[in-house]
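In each ligand, atom 1 is the first atom listed, and ligand 1 is the first ligand listed. Note that the structure is a prediction, hence the values are computed from the model and not measured. Numbers for residues simply follow the sequence, beginning at 1.
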Amino acid sequence: MAGLSDAALTARLVRVAASVLGAPLAALFRLDGDKANLVERVVRLEQASEVTQMTLPAARLRIDARRVWHAAQRTRAPTELVAFPSSTRVAWAVSTPLFDGKKQQIGLLVVADVRARAEDGVVALDDVCELLEDKLAPGKAVRATPRPEDTRPRAFAGPALVHTMPPPPTPGRAPSSREESSSERRIPFDPMTGLPDRTTLLDETVRRIERASVLQLGLALVVIALDRFRRVNETLGQNVGDTVLRQVAERLRESVGDADLVGRRSGDEFMVVVQDDGAAGAPLALADRLQQAIREPFHIQGQELTISASLGVARFPDHSSDAQGLFRAADIALARAKQSGRGKLVVFDHAMQEAVNTRAELERELRIAMREGQLLLHYQPKFQVKDRRLVGAEALLRWKHPTKGLISPGHFIPVAEDSGLIVPIGTWALGEVCRQRAAWHRLGLPVGRISVNVSSLQFARPDFVGTVTRAMRAANVTAGELELELTESIVMDDVEHVAARLSELRALGVAVSIDDFGTGYSSLAYLQRLPVDVLKIDRSFVRPLDRGGHDARGAHALAGAIATLARGLGLEVLAEGVETEAQLAALAELGCDVIQGFLLGKPMPAMDLAALAARAH
Ligand code: C2E
Ligand code: CA
Ligand code: CA
């Protein structure tokens, strides 16, 4: 090493110290009276270009023995050391005091890693430390005794060196006021699970992503939502719910490494950030492990309970090169997972982003459509089976897009539901149907009862009955002229509440039908408890009726059973999606009262329905 200046040699030694342990980070401080100055710093085995002027109170760094520090022991979350750039989060560090000949501490060498690791091998630093001691205090006597070791886990060299996050509180225990004042900020851990809370988690993730981009590492972000957790709280009580959350937290923690980040993002959502070495299946395997961990039955208060979770996974830098983008990607994947049923795991891909963009664009255009009157209603006639007489019609939304032409409701209703736009759209449709029905009434056209589809979001509004009442009054619609189509899932929710609501509607003279019957889970026995007028047999039961074979026999039996039972309950039975005479004949035989379908009438503009009614007259 001849020819190098002392400073260059010191710098090289610090680099050697890091490489001896295979760690990416090292820093050397020289103690000078009551000050400690940063002499050299190495980040990722490169001498940090912006070696900062950094002076700390020496007392912070005065230690008398080598100390090894693990993030795991304190916070589970790696933390910042002031010596290193703020984006670098340290999971493991060893600090070694450097002494002069008189055994006075003259410096401190810190070697650190962003990954958790074992303590093994830190003695390998001894030779480098001696050389460094020789540089800091030339002529010092050669050490006779081994360097003192004290590798008990402990807090690192004091708060000035370490920006530690305070340790998580014992679950369920509120921090005492003394702890509060000593840390002088709110403890950023979720008191229930002891995990980093939302804010901490997001900050920490942002930092890890920044650090990963500096160190050119990969990360995987997994968002985890417990499926139907509200149900657990509702049916088994808050205490059980809390216990489940704590146990889930524990299981997640056990499923990842010490250096990995686990936090609680919201009530029933957790998040995990792990290093990702880029291997194709790695994050998937982890996510799978997390999911399995949650699926194991819980034993709480003598009960066995099983829950599942939906998971969304996004990878840095493949899916996004910044934190916000990565969060979004993971959330998009999570939304996909939820959509495809419970207990699913979805890894983000860019096509999903495109789908989301298309959807966002559609939502934007839908708002414009509402404002500019591009929405309109078509009416599909309903006929009595026995004499094919027109008895009513269903109002169906249509969107006349200025450039794309007619857009099907199957396309835009889901977007309207997701964005909540379905509420104003539904209210508009209700008002429009009322106006139209009243106009036909005034013209004396026997169009029968007009039905409107109601979305669950609309029905859930506390003022729903009020909205219907106002729409009817404003247009002057009389009893028996309006019908609301509700799906099974809407009425399955809370029987007492729903029954009360339906009774109010009935008092207004509004009929209620159960749409798409047979596709949900409701039983006829359940429906018996609700004031409902019409059962609409879903077209999936109607379709196979004119085909031969097994399918047809099954459909026949089902449609027949539904019709018989519904009639037994005094409900009118309507079959939808009737396309052929054969289907119609089969339905007539099964005792169906009313049919709706392309065979007798497609959805049509209001004018055409009026003409149809006039002809029938
Ligand atoms: P839905 O309530 O089950 O409406 C019946 C759908 O079946 C309509 O599709 C109709 O055009 C179609 N259909 C009728 N007869 C036949 C047939 O013989 N064969 C076949 N293959 N299909 C037939 P549309 O108009 O595309 O509506 C789709 C869905 O959009 C509706 O299903 C309903 O869930 C929703 N929707 C439509 N208008 C509204 C609305 O004003 N509010 C709400 N919330 N949803 C609406
Ligand atoms: Ca319908
Ligand atoms: Ca339907």
Worksheet entry | Residue pair Leu535 / Leu574, side-chain heavy-atom distance below 4.5 Å | no
Can you confirm whether Val512 sits close enough to Glu483 that some side-chain heavy atom of one is under 4.5 Å from a side-chain heavy atom of the other?
no
Take atom CZ of Arg328 as the centre, draw a 6.0 Å sphere, and report whether it contains more than 12 heavy atoms from other residues, nucleotides or ligands. no
The protein heavy atom nearest to atom 11 (O) of ligand 1 is Pro603 CG, 3.3 Å
Ligand 1 atoms nearer than 4.0 angstrom to some heavy atom of Ser455 are 44 (N)
With Ser451 as partner, the option from Lys382, Gln380, Glu394, Lys536 fulfilling side-chain hydrogen bond (donor to acceptor under 3.5 Å, both in side chains) is Lys382
Glu581/Arg388 under salt bridge (charged side-chain N to carboxylate O under 4.0 Å, His left out): CA gap, chis, key distance, verdict
CA-CA 12 Å; Glu581 287 288 353; Arg388 301 201 180 187; 2.8 Å; yes
Exercise. Given salt bridge (charged side-chain N to carboxylate O under 4.0 Å, His left out), test Asp593 with Lys386 step by step and report yes or no.
Key: CA-CA 7 Å; Asp593 305 295; Lys386 62 172 191 273; over 6 Å; no
Looking only at protein heavy atoms, what sits closest to atom 38 (N) of ligand 1 is Leu397 N, 3.1 Å
Practice prompt. Could you tell me whether any N, O or S atom belonging to Asn453 is less than 3.0 Å from the Ca ion (ligand 2)?
Written response: yes
among protein heavy atoms, the one nearest atom 20 (C) of ligand 1 is Glu579 OE2, 3.2 Å
query = If you measure from the Lys or Arg side-chain nitrogens to the Asp or Glu carboxylate oxygens, is any gap between Glu363 and Arg367 under 4.0 Å?
reply = yes
Does either side chain, that of Asp515 or that of Thr487, offer a donor lying less than 3.5 Å from an acceptor on the other one?
no
- Taking everything shown except Glu304 itself, do over 12 heavy atoms lie less than 6.0 Å from its CD? yes
(Q) What I want to check is whether the side chains of Asp190 and Thr193 have a donor and an acceptor closer together than 3.5 Å. (A) yes
Are any non-hydrogen protein atoms located under 4.0 Å from atom 18 (O) of ligand 1? yes
Are more than 12 heavy atoms, taken from residues, nucleotides or ligands other than Arg567, located less than 6.0 Å from that residue's CZ atom?
no
Heavy-atom proximity to atom 45 (N) of ligand 1 ranks first, among Asn453, Leu600, Leu486, for Asn453
Contact region, Glu394 to ligand 1, non-hydrogen atoms below 4.0 Å, reads side chain
In ligand 1, the atoms that come under 4.0 Å of a heavy atom of Asp515 are 2 (O)
Arg398: heavy atom below 4.0 Å from ligand 1, yes or no?
yes
Atoms of ligand 1 under 4.0 Å from any heavy atom of Gly597, numbered from 1 in the order shown, are 15 (N), 18 (O)
Atom 3 (O) of ligand 1 has as its nearest protein heavy atom Asp516 OD1, 3.3 Å
State whether any protein heavy atom lies less than 4.0 Å from atom 34 (O) of ligand 1. no
Taken to the nearest 0.5 Å, the spacing of Ser308 OG from Gln291 CD works out to 7.5 Å
Does Gly426 reach ligand 1, in the sense of a heavy atom lying below 4.0 Å from it? no
Practice problem: Tell me, yes or no, whether the heavy-atom count around Arg295 atom CZ, taken from other residues, nucleotides or ligands under 6.0 Å, exceeds 12. | Solution: yes
Looking only at non-hydrogen atoms, the one of Glu417, Arg539, Gln380, Glu576 nearest atom 6 (C) of ligand 1 is Arg539
Extract all donor-acceptor atom pairs below 3.5 Å that involve side chains of residues 350-358 and protein atoms in other chains or at least two apart in sequence.
from: His350; atom 1: NE2; to: Asp318; atom 2: O; distance (Å): 3.3
from: Gln353; atom 1: NE2; to: Asn357; atom 2: OD1; distance (Å): 3.0
from: Thr358; atom 1: OG1; to: Glu354; atom 2: O; distance (Å): 2.7

closest protein heavy atom to atom 13 (N) of ligand 1 is Phe598 CE2, 3.6 Å
- request: Output yes when the distance from some N or O of ligand 1 to some N or O of Gln458 is under 3.5 Å, and no in every other case.
  value: no
Quick one: do the His401 and Gln374 side chains pair a donor with an acceptor below 3.5 Å? no
Logged contact type for Leu377 with ligand 1, heavy-atom cut-off 4.0 Å, is neither
Checking heavy atoms under 4.0 Å, the part of His378 that sits near ligand 1 is neither
Open item on the list: Within a 6.0 Å radius of atom CD on Gln292, are there more than 12 heavy atoms belonging to other residues, nucleotides or ligands?
Closed with: yes
### Enclosure of Lys404 NZ (heavy-atom neighbours >12, cutoff 6.0 Å)
yes
Glu485 side chain to Ile514 main-chain N or O, any donor-acceptor pair under 3.5 Å?
no
Note: Ile425, heavy atoms under 4.0 Å from ligand 1, region reported as neither
Given a cut-off of 3.0 Å, the protein N, O or S atoms lying below it from the Ca ion (ligand 3) are Asp515 OD1, Asp516 OD1, Glu576 OE1, Glu576 OE2
For atom 37 (C) of ligand 1, the closest protein heavy atom turns out to be Leu396 CD2, 3.7 Å
Of all the N, O or S atoms in Glu394, the one nearest to the Ca ion (ligand 2) is OE2
shortest atom 36 (N) of ligand 1-to-protein heavy-atom contact is with Ile413 CD1, 3.9 Å
Atom 24 (P) of ligand 1 has as its nearest protein heavy atom Pro409 CG, 3.6 Å
